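Have a look at the structure below, then the notes.
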Amino acid sequence: MDIETVNSLSYEEFIELFGGVVERCPLAAAAVWSRRPFGCVSDVEAGIGEFIDSLSESGKEGLVRCHPDLAGRELASGTLTAESQREQEGAGLASLQAEEAAQIAGLNREYKQRFGFPFVICARTSDKAAILQQLQQRLRNLRSQELLHAVQEIKKICHLRLQDLLHRAPPKL
Ligand SMILES: NC(=O)N[C@H]1NC(=O)NC1=O
């Protein structure tokens, strides 16, 4: 999809297409709408990045909380967003041994208790071993470091989701 196509989308079409690039936060796409026309496709990503950076600390925490647990209940029940389902399956989280699943669930719980938001990592640039290692390591961070880290991971997830969309054929909306 080229930039002319992106610029020609109505607000509703734009949100339908880009509303999920930040997990369960269509506001991120809605916030960049007024920046049209975009000069190039990476302007969309830059705009979303700036929107995220402009959030207050509690806003950033809210953004992190929009993310489902990795290998959590929603993966088991098939109620994740299509994007998250694909990402978690790709990292091997849908086929964990019972012991691995219990270990990740325990660490996710510990992480949430310590920081008050879920552990977020870009699953597509990771695998289950790296996720487990990162969970253990990041649990030792300060809360402020972790919030920054989680926001960086959200931007990576957003980048890859945008790449998927932009390399797709133009939408038939
Ligand atoms: N908790 C968490 O990291 N969730 C996610 N990571 C990812 O790549 N997709 C997600 O939904």
Side-chain angles (χ1 to χ4, degrees), residues 15-32 42 44-46 48-49 51-53 55 57-168:
I15 296 302
E16 194 178 326
L17 210 60
F18 293 101
V21 296
V22 177
E23 181 72 11
R24 296 191 294 210
C25 185
L27 176 60
V32 301
S42 58
V44 179
E45 181 175 353
I48 291 176
F51 166 74
I52 293 175
D53 290 338
L55 293 172
E57 185 172 323
S58 66
K60 289 183 178 120
E61 286 175 15
L63 196 68
V64 177
R65 288 192 191 102
C66 286
H67 289 70
D69 282 345
L70 289 168
R73 232 175 263 149
E74 288 169 272
L75 177 63
S77 61
T79 53
L80 289 171
T81 60
E83 293 92 337
S84 184
Q85 183 82 25
R86 246 194 330 269
E87 291 156 357
Q88 297 207 28
E89 280 177 3
L93 299 178
S95 50
L96 296 175
Q97 306 290 332
E99 205 177 302
E100 295 169 323
Q103 195 181 7
I104 292 189
L107 288 165
N108 269 336
R109 240 188 337 267
E110 207 182 318
Y111 184 98
K112 232 184 255 182
Q113 241 160 30
R114 176 159 156 72
F115 299 118
F117 47 78
F119 173 76
V120 171
I121 191 168
C122 176
R124 276 166 79 178
T125 53
S126 219
D127 58 20
K128 65 180 177 187
I131 288 170
L132 206 57
Q133 186 268 337
Q134 280 291 300
L135 246 171
Q136 285 162 328
Q137 188 178 319
R138 284 174 47 188
L139 255 170
R140 296 196 285 266
N141 282 346
L142 294 174
R143 191 173 191 278
S144 54
Q145 285 176 311
E146 253 327 280
L147 186 57
L148 280 177
H149 203 133
V151 165
Q152 289 308 320
E153 294 297 320
I154 290 171
K155 288 182 183 172
K156 277 193 226 169
I157 297 169
C158 173
H159 172 76
L160 292 174
R161 289 183 181 183
L162 275 170
Q163 291 301 310
D164 287 345
L165 283 173
L166 297 169
H167 291 126
R168 226 165 66 175

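What you are looking at is a predicted structure, and each value in this text was computed from that prediction instead of being measured. Whatever order the structure lists ligands and atoms in, that order sets their numbers, starting from 1. Just so it is clear, the values below take in all heavy atoms, side chains as well, and ignore hydrogens, waters and symmetry mates.
Contact atoms of ligand 1 toward Ile157: 6 (N), 7 (C), 8 (O) (distance under 4.0 Å to a heavy atom of the residue).
In terms of polar-atom proximity, defined here as any N/O pair under 3.5 Å, Phe119 does make such a contact with ligand 1. Considering backbone and side-chain N/O atoms, Glu87 comes within less than 3.5 Å of an N/O atom of ligand 1. When only interatomic distances are considered, the shortest N/O to N/O separation between Ser84 and ligand 1 falls below 3.5 Å.
Lys155 and Glu45 are not joined by a salt bridge, as no carboxylate oxygen comes within less than 4.0 angstrom of a charged side-chain nitrogen.
Scanning the protein for heavy atoms near atom 8 (O) of ligand 1, the closest one is Ala123 N, 2.8 Å. Considering only non-hydrogen protein atoms, atom 6 (N) of ligand 1 sits nearest to Ile121 O, 2.8 Å.
A 4.5 Å side-chain heavy-atom check between Pro118 and Val64 finds at least one atom pair inside the cut-off. The shortest distance between side-chain heavy atoms of Tyr111 and Glu146 falls below 4.5 Å. Annotation: side chain of Ile157 is not in contact with side chain of Arg124 (no heavy-atom distance under 4.5 Å).
Arg65 places no side-chain N or O within donor-acceptor distance of the main-chain N or O of Phe117, the cut-off being under 3.5 Å.
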The test is salt bridge (charged side-chain N to carboxylate O under 4.0 Å, His left out); show your working for Asp69 and Lys112 and say whether it passes.
CA-CA 10 Å; Asp69 282 345; Lys112 232 184 255 182; 3.0 Å; yes

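Between the NE2 atom in His159 and the SG atom in Cys122 there is a gap of 9.5 Å [rounded to 0.5 Å].
With a heavy-atom cut-off of 4.0 Å, Cys122 touches ligand 1 through its backbone alone. Contacts between Pro68 and ligand 1, counted as non-hydrogen atom pairs separated by less than 4.0 Å, involve both the backbone and the side chain. With a 4.0 Å heavy-atom cut-off, ligand 1 is reached by the backbone of Val120 and by its side chain too.
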